[in-house]
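Everything below concerns the one structure shown next.
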There are 2 protein chains.
Amino acid sequence: MRKTKQREAILDELTKLCTHPSADELYGRVKKRLPRISLGTVYRNLETLSREGVIQRLDTAGSQKRFDADTGDHRHIRCIRCGRIDDLAAGADRARCDARVAKGTGYRVLGRRVEYLGVCPACGRKTGRR
Amino acid sequence: MRKTKQREAILDELTKLCTHPSADELYGRVKKRLPRISLGTVYRNLETLSREGVIQRLDTAGSQKRFDADTGDHRHIRCIRCGRIDDLAAGADRARCDARVAKGTGYRVLGRRVEYLGVCPACGRKTGRR
DNA sequence: TCGATAATAGTAATTATTACTGATAATCTA
DNA sequence: TAGATTATCAGTAATAATTACTATTATCGA
Ligand SMILES: [Mn+2]
Ligand SMILES: [Mn+2]
Ligand SMILES: [Zn+2]
Ligand SMILES: [Zn+2]
């Protein structure tokens, strides 16, 4: 992975933000520094950087992908009105969890989305390992 | 909401499936019964039916939206290989939860995605109610 | 310094979804 | 039941996010 001024600018802007921006939000920021950068370059670098583990691509709902310079394991809270995404501190324990999150973020907590991830029996069989 | 043969066929096919299909998967099924139906009609009806609370639009990650005829509150497990989504029984309690899910579904559980939903302070202020 | 090639800008293509339009058919009213 | 009303339809165009392509440029190890 070569070091280019485009890649540096993209990573630098993402690191400065705590807003978990989408590719085109980031493009708008970076363009101020490098006016000739293309949106494709932003997409390509976000892909490369997340593949290399430098950043993470958030696996959230919504039509646009979001990116995060913090690769640590942490959770997020998203506003169902404006789509804003904020960080949550790690551990938390379900029952009093909503109240704690509300207190920590100022959000009115309406619920949470939980989706388990794994390998289904059919796919597990294909690769031997179950 | 008028009763049309297109709407009936779409709802009927969705109800028969436990696979949480996307709009175009459903379109493929329904087309066998109504060969002249258009994809737009499938999209429009899935939207109408979920707005009326007859079905639910799943708020999962991934590029395509998924739909579920079961409007009850339940969780899902998705395969990171093939994208398949299966149902989970409701309640579950975190620690021994993964093991229980694995036992119940046959999946090799690798993790879970948790996203809290709510109204951020800025949006809450706009509508008075916090 | 130089050559191999990773990365870029600009553009075209793709994919999922929504919007538009004139025709059709479900439901309502007399 | 007939006729009026209008939700819904099929077909198609438009939009939005993302990815792919291509000729050119810039990085970096020898
Ligand atoms: Mn974060
Ligand atoms: Mn379900
Ligand atoms: Zn908000
Ligand atoms: Zn699978």
Side-chain angles (χ1 to χ4, degrees), chain A residues 1-14 17 19-68 78 82-85, chain B residues 1-14 17 19-68 78 82-85:
Chain A
M1 193 167 56
R2 289 182 182 172
K3 180 176 180 177
T4 67
K5 59 180 186 302
Q6 290 88 345
R7 183 163 293 160
E8 275 188 299
I10 290 165
L11 182 55
D12 184 54
E13 288 297 326
L14 179 60
L17 294 171
T19 58
H20 309 87
S22 61
D24 72 305
E25 279 170 37
L26 212 42
Y27 173 60
R29 301 270 181 159
V30 175
K31 208 161 40 172
K32 289 174 186 164
R33 291 167 58 165
L34 303 172
R36 300 195 54 85
I37 199 172
S38 74
L39 179 57
T41 296
V42 175
Y43 271 107
R44 193 171 357 88
N45 276 286
L46 289 171
E47 158 62 22
T48 303
L49 289 166
S50 60
R51 180 165 27 78
E52 301 283 325
V54 181
I55 67 174
Q56 66 171 314
R57 181 202 305 263
L58 298 184
D59 190 28
T60 60
S63 54
Q64 283 179 286
K65 288 172 186 162
R66 304 286 206 109
F67 298 86
D68 193 341
R78 86 123 40 100
C82 68
R84 175 194 175 99
I85 295 180
Chain B
M1 194 167 55
R2 290 181 181 172
K3 180 175 178 176
T4 66
K5 60 181 185 303
Q6 291 88 344
R7 184 163 293 161
E8 276 188 300
I10 290 166
L11 181 55
D12 185 53
E13 287 297 325
L14 180 59
L17 294 171
T19 58
H20 309 86
S22 61
D24 72 303
E25 278 170 40
L26 212 42
Y27 172 59
R29 302 268 183 163
V30 175
K31 207 159 45 171
K32 289 176 185 164
R33 289 167 58 165
L34 303 172
R36 301 196 54 83
I37 198 171
S38 74
L39 179 57
T41 296
V42 174
Y43 271 107
R44 193 171 357 89
N45 276 286
L46 289 171
E47 157 63 23
T48 303
L49 289 166
S50 59
R51 182 165 25 77
E52 300 282 327
V54 181
I55 67 174
Q56 67 171 315
R57 182 202 304 266
L58 297 186
D59 189 28
T60 59
S63 56
Q64 284 178 286
K65 288 171 185 162
R66 303 286 207 112
F67 299 86
D68 193 342
R78 85 124 40 100
C82 67
R84 174 194 177 99
I85 295 180

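In what follows, chains are A, B, ... by sequence order, proteins preceding strands, each numbered from 1. Computation of the quantities below employed the complete heavy-atom set of this structure, encompassing side-chain atoms and omitting hydrogens, waters and symmetry-equivalent molecules.
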At less than 4.0 Å, is any side-chain N or O atom of [X] found next to OP1 or OP2 of [N]? Yes or no.
| X | N | result |
| --- | --- | --- |
| Q6(B) | dA25(C) | no |
| K65(A) | dT19(D) | yes |
| R7(A) | dA7(C) | yes |
| K5(A) | dA9(C) | no |
| T4(A) | dT8(C) | yes |
| R44(B) | dT8(D) | no |

Using a heavy-atom cut-off of under 4.0 Å over every strand shown, decide if D24(B) touches base, sugar-phosphate, or nothing. nothing
Using whole Å, what does the distance between atom [atom2] of nucleotide [N] and atom [atom1] of [X] come to?
| X | N | atom1 | atom2 | result |
| --- | --- | --- | --- | --- |
| E47(A) | dT18(D) | CD | C1' | 11 Å |
| L49(B) | dC9(D) | CG | P | 10 Å |
| R57(B) | dA16(C) | CZ | C1' | 12 Å |
| L46(A) | dA17(D) | CG | P | 15 Å |
| Q64(A) | dA17(D) | CD | P | 5 Å |
| R36(A) | dT11(C) | CZ | P | 10 Å |
| N45(A) | dA9(C) | CG | C1' | 13 Å |
| I10(A) | dA9(C) | CD1 | P | 8 Å |

Residue pair [X] / [Y]: nearest heavy atoms and the distance that separates them:
| X | Y | answer |
| --- | --- | --- |
| Y27(A) | L39(A) | CE1-N, 3.4 Å |
| K65(B) | R57(B) | CD-NH1, 3.3 Å |
| D24(B) | S22(B) | OD1-OG, 2.9 Å |

Euclidean distance, I37(A) CD1 relative to R29(A) CZ, rounded to 0.5 Å: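 Rounded to the nearest 0.5 Å, the CZ-CD1 separation comes out at 14.5 Å.
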Euclidean distance, L58(A) CG relative to H20(A) NE2, rounded to 0.5 Å: 5.5 Å
Want to settle it: does R66(A) or K3(A) sit nearer the 5' end of DNA chain D, counting the closest nucleotide to each?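 That would be R66(A).
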Using only heavy-atom distances, decide whether a donor-acceptor pair under 3.5 angstrom links the side-chain of R2(B) to the base of dT6(D).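 Per atom types, the contact qualifies.
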The answer to which of M1(B) and Y43(B) contacts DNA chain C further toward the 5' end, by nearest nucleotide, is Y43(B)
